[in-house]
Amino acid sequence: MANNILITGGAGFIGSHLAESLLRDTDWKITIVDDLNDFYSPEIKRANLDEIRRSGDFQFFETDIRNFDSLKSVFDETEFDCIVHLAARAGVRPSLSHPRLYAETNITGTLNLLELARDYEVPQFVFGSSSSVYGVNEKVPFAEDDRIHQTISPYAATKAAGELLCHTYSHLFKIQCICLRFFTVYGARQRPDLAIHKFARLITEGKPIQLFGDGTTRRDYTYIDDIISGVRAAIDYDASAYEIFNLGESETTELSRLIELLEQNLDMKAVVDRQPMQPGDVPVTYADISKAKRLLKYNPQTKIEDGIPKFVEWFRNAEARTK
Ligand SMILES: NC(=O)c1ccc[n+]([C@@H]2O[C@H](COP(=O)([O-])OP(=O)(O)OC[C@H]3O[C@@H](n4cnc5c(N)ncnc54)[C@H](O)[C@@H]3O)[C@@H](O)[C@H]2O)c1
């Protein structure tokens with residue numbers, strides 16, 4: 001079992017929850033690498049690091065994964081049993097205007113980490129992939145062995161490339177690689193650019209929310225605690241050298257229903273500004289989670305009707321703290 005773990009992107013939304021969860025079990029030693037870039041406010045990321053510190057001590061390196069030499073110095077200091085690689089340029093729409101930045105971070109950055117895993121003999125690599133790799137897959141729910149040659153954004157293509165690099169390194173250098181395809185994750189500390197958080201902010205400010213398409217696009221929204229239980233199960237998994245797992249709730253919610261739920265829980269009406277579908281956006285994401293259930297004993301618990309009130313409670317408290 002891995003004890004000494006490197007979490008890249010640990011100051012971000014998912015990474016900070018993972019670090020907290022591991023630190024609650026005393027036998028983990030955590031190192032975080034994050035460049036605290038301004039994709040969203042670095043202040044939020046610093047506050048996330050402060051939150052983690054409440055659960056225990058960890059090493060932190062403000063390092064860019066694109067910079068091989070700086071990253072190497074992290075490996076010179078500590079011997080890792082496992083890397084959970086979550087650092088990435090996330091988000092579909094900005095990847096259309098900054099494809100090179102996405103490729104450098106998500107492909108070269110991933111390659112740098114795999115190279116270091118090879119050089120420093122790190123036996124296990126868990127990669128944060130995305131449901132976006134399914135692109136415009138018409139067959140639902142999406143299963144891990146569906147073809148992923150239909151990506152429709154640079155972001156999705158970089159995640160698919162990351163999975164291929166993982167497979168290559170697992171085959172050539174016997175690094176166990178587990179790729180986790182996350183389906184829209186939400187909960188406390190959710191990235192401010194993601195729909196649920198962005199909508200909640202705009203609704204409470206009385207500003208219009210842009211609704212792309214006719215409101216019938218559907219997403220498989222996954223509550224953060226369920227994702228963390230899946231990531232932890234992947235860290236514990238040792239039965240094969242390479243696997244891909246979907247981590248979703250395996251339930252879909254229409255965009256218009258999501259807005260309704262936010263309105264109910266915020267007790268405010270949304271001002272909706274209807275816009276055409278955006279390039280790069282897929283009409284549906286829907287996870288087949290039977291493989292994760294079977295091999296990881298993954299068992300997500302949080303229906304969107306239960307998760308949104310928890311998100312809103314966190315959101316209200318976070319807003320109150322900043323006033
Ligand atoms: N949140 C979701 O719904 C979702 C869905 C699918 C996949 N993912 C993937 O999960 C991972 C975590 O996502 P998140 O929502 O927590 O995003 P996030 O942006 O909150 O976290 C990513 C972290 O990586 C760091 N980072 C980015 N580029 C870096 C670089 N060059 N060097 C070092 N650190 C860098 C950022 O500063 C950030 O703190 C990402 O790989 C993302 O693509 C997330």
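Counting starts at 1 for both ligands and their atoms, following the listed order.
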Checking K45 against Y40: charged group under 6.0 Å from the ring centre and within 45 degrees of the axis? yes
Whether R89 engages the ring of Y102 as a cation-pi pair (distance to the six-membered ring centre under 6.0 angstrom, angle to the ring normal within 45°) should be assessed. no
I need the nearest protein heavy-atom contact for [atom]: residue, atom name and distance, please.
{"atom": "atom 3 (O) of ligand 1", "value": "V185 N, 2.7 Å"}
{"atom": "atom 40 (C) of ligand 1", "value": "L86 O, 3.1 Å"}
{"atom": "atom 6 (C) of ligand 1", "value": "F182 O, 3.4 Å"}
{"atom": "atom 32 (N) of ligand 1", "value": "I65 N, 2.9 Å"}
{"atom": "atom 21 (O) of ligand 1", "value": "G12 CA, 3.5 Å"}
{"atom": "atom 44 (C) of ligand 1", "value": "I14 CD1, 3.8 Å"}
{"atom": "atom 18 (P) of ligand 1", "value": "R191 CD, 3.4 Å"}
{"atom": "atom 28 (N) of ligand 1", "value": "N37 ND2, 3.2 Å"}

Using a 4.0 Å heavy-atom cut-off, which part of [X] comes near ligand 1: side chain, backbone, both, or neither?
{"X": "Y40", "result": "side chain"}
{"X": "D35", "result": "both"}
{"X": "T222", "result": "neither"}
{"X": "L36", "result": "backbone"}
{"X": "S129", "result": "backbone"}
{"X": "K159", "result": "side chain"}
{"X": "Y155", "result": "side chain"}

[X] neighbourhood, listing ligand 1 atoms whose heavy-atom distance to it stays under 4.0 Å:
{"X": "A11", "value": "39 (O)"}
{"X": "G128", "value": "41 (O)"}
{"X": "A88", "value": "24 (O), 27 (C), 28 (N), 40 (C), 41 (O), 43 (O)"}
{"X": "T63", "value": "32 (N), 33 (C)"}
{"X": "L194", "value": "1 (N), 3 (O)"}
{"X": "D64", "value": "30 (C), 31 (N), 32 (N)"}
{"X": "T184", "value": "3 (O)"}

Does a side chain donor of either [X] or [Y] reach within less than 3.5 Å of an acceptor in the other side chain?
{"X": "R219", "Y": "T252", "value": "no"}
{"X": "T78", "Y": "Q59", "value": "yes"}
{"X": "N317", "Y": "E319", "value": "no"}
{"X": "Y223", "Y": "D306", "value": "no"}
{"X": "K72", "Y": "N112", "value": "no"}
{"X": "D220", "Y": "T285", "value": "no"}
{"X": "D81", "Y": "N3", "value": "no"}
{"X": "Y169", "Y": "E115", "value": "yes"}

Under 3.5 Å: N/O of K45 near N/O of ligand 1: yes
Has ligand 1 got any nitrogen or oxygen that is less than 3.5 angstrom from a nitrogen or oxygen of A90? no
Using a 3.5 Å distance criterion without hydrogens, assess whether the side chain of T151 forms a donor-acceptor pair with backbone atoms of V133. no
When you measure from the side chain of H17 to the backbone N and O of A188, does any donor-acceptor pair fall under 3.5 Å? yes
For this output row, return yes or no: ring centroids of H197 and Y186 closer than 6.0 angstrom. no
Can we call the ring centroids of F245 and Y298 under 6.0 Å apart? no
Ignoring hydrogens, just give me the one of D34, T105, N48 whose non-hydrogen atom is nearest atom 36 (C) of ligand 1. D34
Y237 vs Q176 side-chain heavy atoms within contact, under 4.5 Å: yes
